[in-house]
Novice: 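For reference, the structure I am asking about is given below.
For clarity, every value in this text was computed on a predicted model and none was experimentally measured. These values consider heavy atoms only, across backbone and side chains, with no hydrogens, waters or symmetry-generated copies.
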Amino acid sequence: MKQISTLLTILLFAQGALSQNPLVTHIYTADPTARVFDGQLYIYPSHDIVPPADLENPPRFCMPDYHIFSLENGNTWKDHGVALDQNEVPWGAKNSYGMWAPDCIKKGNKYYYYYPAKPKDGSAFRRIGVGVSDNPTGPFKWEKNYIDGVSGIDPGLLIDEDGQSYLFFGGGHELYVAPLENNMKKITQKPLLIEGLPAGYKEGSFPFKKDSTYYLTFAHVFADEGYTIGYATSQNPMGPYTYQGKIMDNIDNGTNHHSVVNYNDRWILFYHWWDISGQNKLRSMRADYMEFKPDGTIRKVKPTLRGINQPTLGDTIQIDRYNEIKGAQTAFVGGNEPNGWMVCETRMMSHVRFDQVNFGAGTAKSIQARVACGQRIGSFEVHVDSPNGPTVATFPAQHTGGWNSWTTLEAPVKQKIDGVHDLYVVFKAEWGSTKIVNLNWLLIE
């Protein structure tokens, strides 16, 4: 058993953000548009910030640029940095802090990134521009002018099997769709008002096709509930559509904005929530699995902390994003840890279950645990398959300086474990009422 240096812990979190909900915590991200290109999962979100102190009359949402993320090793989101800054928009107003929800789509061997921005010519609240790249993470060559004839927010793209591309957009009580030219930079006709959608405020158009049905998903505000995610279906991408209901209920009266993808034969809903910051203008993107009923309608998705990941060797398992907890609690993490939650109030024989951990070919040699502890009586064990299953590692309750003073412990793996297993952390105390340890994450190597 040994302590790992603080520097190692810092490096661990610097390598990439973790894919258990929320997906990243090093910056605030909203409006996640997820896409799968050549088997790789990417997210194109917007970026919330705290308004700069010297910014007079900051906008309600302060959003200066766009980052791009890719999923690495099934569990870690890599931040590819700023793809477009507000002051790099050729036709945009400077320092507007209004870089709202974008989208990116692949056609042929090119990637087309669409985004709304405030135009410097004052012709509309938002115009939509486009950039082109040979790579899904850029760099993009930005068109000098916005797309003529399009005025609105939240671009959403669909390319049908026949190669025809469609641009969905709009915010307010009306959403629109227009076919795109083959060069993806111009529309071929005046935008069409989408018919058949329910009354009320709508934004965040995200279209997709499953089987022979077109699904149009959108953020929808019910007067008595606030933002929800709704959807409608059609046999034609341009409508009319038939409203089918909600995919997700309102989350604590904050905004929501989403996308839907099929990745590794599972449907996933990406969305945002502001539970990390405690402020509904500083949001964090999340993801949960989504299921269809036999008739093609969508089962309502409930937000989880676990999310969509399947960690493997070398990935950080945020055990506080449990599948099951018994005899313990979770709380917002204290001390100097990255934003998130911890398992706390652990008592004798309490446990946490984390499903579907991939141990690979059985080469694991050690397990690290990120803990905070204010006493030295007790221990916790890592088991597989059940609370009484094979013991992978044992850790003592080791005083770290207090319940918000964090350190990383390491223990050897006791036996060869291969394949995919559920992981159980079982807490033990010399006296049943003793609080044992606060636990943030595990890392198997």
Side-chain angles (χ1 to χ4, degrees), residues 27-33 35 42-69 79-105 110-133 135-157 165 167-172 175-176 178 180-181 183-187 191 203-206 219 255 257 259 272 281-283:
I27 62 173
Y28 293 111
T29 51
D31 313 320
T33 296
R35 294 291 184 182
Y42 298 87
I43 306 183
Y44 302 86
S46 56
H47 177 202
D48 291 338
I49 66 168
V50 176
D54 59 351
L55 181 62
E56 296 183 6
N57 302 315
R60 193 161 62 97
F61 291 90
C62 202
M63 307 166 78
D65 54 38
Y66 298 116
H67 286 237
I68 298 174
F69 295 84
D79 186 347
H80 294 270
V82 174
L84 176 64
D85 181 83
Q86 59 183 342
N87 293 327
E88 296 173 343
V89 177
W91 47 268
K94 303 303 180 185
N95 298 315
S96 63
Y97 291 92
M99 307 296 283
W100 289 7
D103 194 0
C104 186
I105 199 76
K110 300 290 184 181
Y111 299 85
Y112 298 87
Y113 189 110
Y114 296 80
Y115 64 96
K118 185 177 180 180
K120 60 185 175 184
D121 64 13
S123 60
F125 173 68
R126 291 288 190 282
R127 292 287 194 174
I128 292 176
V130 62
V132 186
S133 177
N135 191 296
T137 59
F140 289 86
K141 182 179 180 181
W142 305 105
E143 291 295 304
K144 294 181 179 179
N145 296 307
Y146 49 72
I147 300 174
D148 189 40
V150 176
S151 175
I153 63 172
D154 299 348
L157 279 298
S165 306
L167 172 64
F168 293 73
F169 65 94
L175 300 178
Y176 295 87
L180 286 164
E181 289 188 359
N183 67 8
M184 302 292 283
K185 300 174 183 178
K186 296 180 180 180
I187 58 175
E203 64 180 27
S205 305
F206 187 84
T255 63
H257 189 117
S259 57
H272 67 231
K281 308 300 188 295
L282 298 173
R283 299 158 293 181

Novice: Once side chain to side chain contact (heavy atoms under 4.5 Å, CB included) is applied, do any residues pair with E181, and if so which ones, sequence neighbours excluded?
Specialist: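 N183, K186, T188.
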Novice: Name all residues meeting the side-chain hydrogen bond (donor to acceptor under 3.5 Å, both in side chains) criterion together with Y97; count only those two or more places apart in sequence or in a different chain, and write none if there are none.
Specialist: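 Y97 satisfies side-chain hydrogen bond (donor to acceptor under 3.5 Å, both in side chains) with no other residue.
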Novice: Identify, with sequence neighbours excluded, every residue that meets side-chain hydrogen bond (donor to acceptor under 3.5 Å, both in side chains) alongside S151.
Specialist: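 Scan of S151 (side-chain hydrogen bond (donor to acceptor under 3.5 Å, both in side chains), adjacent residues dropped) gives none.
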Novice: Does anything in residues 136-157 pair up under salt bridge (charged side-chain N to carboxylate O under 4.0 Å, His left out), and if so which pairs, sequence neighbours excluded?
Specialist: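 Non-adjacent pairs meeting salt bridge (charged side-chain N to carboxylate O under 4.0 Å, His left out): E143-K185.
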Novice: Does anything in residues 88-101 form a salt bridge (charged side-chain N to carboxylate O under 4.0 Å, His left out)? List the pairs, not counting sequence neighbours.
Specialist: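 For residues 88-101: none.
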Novice: Apply salt bridge (charged side-chain N to carboxylate O under 4.0 Å, His left out) to K110 and list each qualifying residue two or more places apart in sequence or on a separate chain.
Specialist: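 With sequence neighbours excluded, K110 shows a salt bridge (charged side-chain N to carboxylate O under 4.0 Å, His left out) to D134, given in chain and number order.
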Novice: Can you list the residues that meet the side chain to side chain contact (heavy atoms under 4.5 Å, CB included) rule with S133, with sequence neighbours excluded?
Specialist: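 For S133 the side chain to side chain contact (heavy atoms under 4.5 Å, CB included) partners, ignoring immediate neighbours, are N135, F140.
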Novice: Run the side-chain hydrogen bond (donor to acceptor under 3.5 Å, both in side chains) test against R126 and tell me which residues pass, sequence neighbours left out.
Specialist: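 In terms of side-chain hydrogen bond (donor to acceptor under 3.5 Å, both in side chains), with neighbours along the sequence ignored, R126 is linked to no residue.
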Novice: Using the side-chain hydrogen bond (donor to acceptor under 3.5 Å, both in side chains) criterion, which residues pair with T29? Sequence neighbours excluded.
Specialist: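 None.
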Novice: Residues in side chain to side chain contact (heavy atoms under 4.5 Å, CB included) with A178, at least two apart?
Specialist: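 A178 satisfies side chain to side chain contact (heavy atoms under 4.5 Å, CB included) with I187, P191 only.
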Novice: Please list, chain by chain and in numerical order, all residues satisfying ring pair (Phe, Tyr, Trp, His ring centres under 6.0 Å) with W91, sequence neighbours excluded.
Specialist: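 Partners of W91 under the ring pair (Phe, Tyr, Trp, His ring centres under 6.0 Å) test: Y115, Y146.
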Novice: Which donor-acceptor pairs under 3.5 Å do side chains of residues 47-55 form with protein atoms, sequence neighbours excluded?
Specialist:
unit_1, atom_1, unit_2, atom_2, d
H47, ND1, D65, OD1, 2.6
D48, OD1, R283, NH2, 2.9
D48, OD2, R283, N, 3.0
D48, OD2, R283, NE, 2.8
D48, OD2, R283, NH2, 3.4

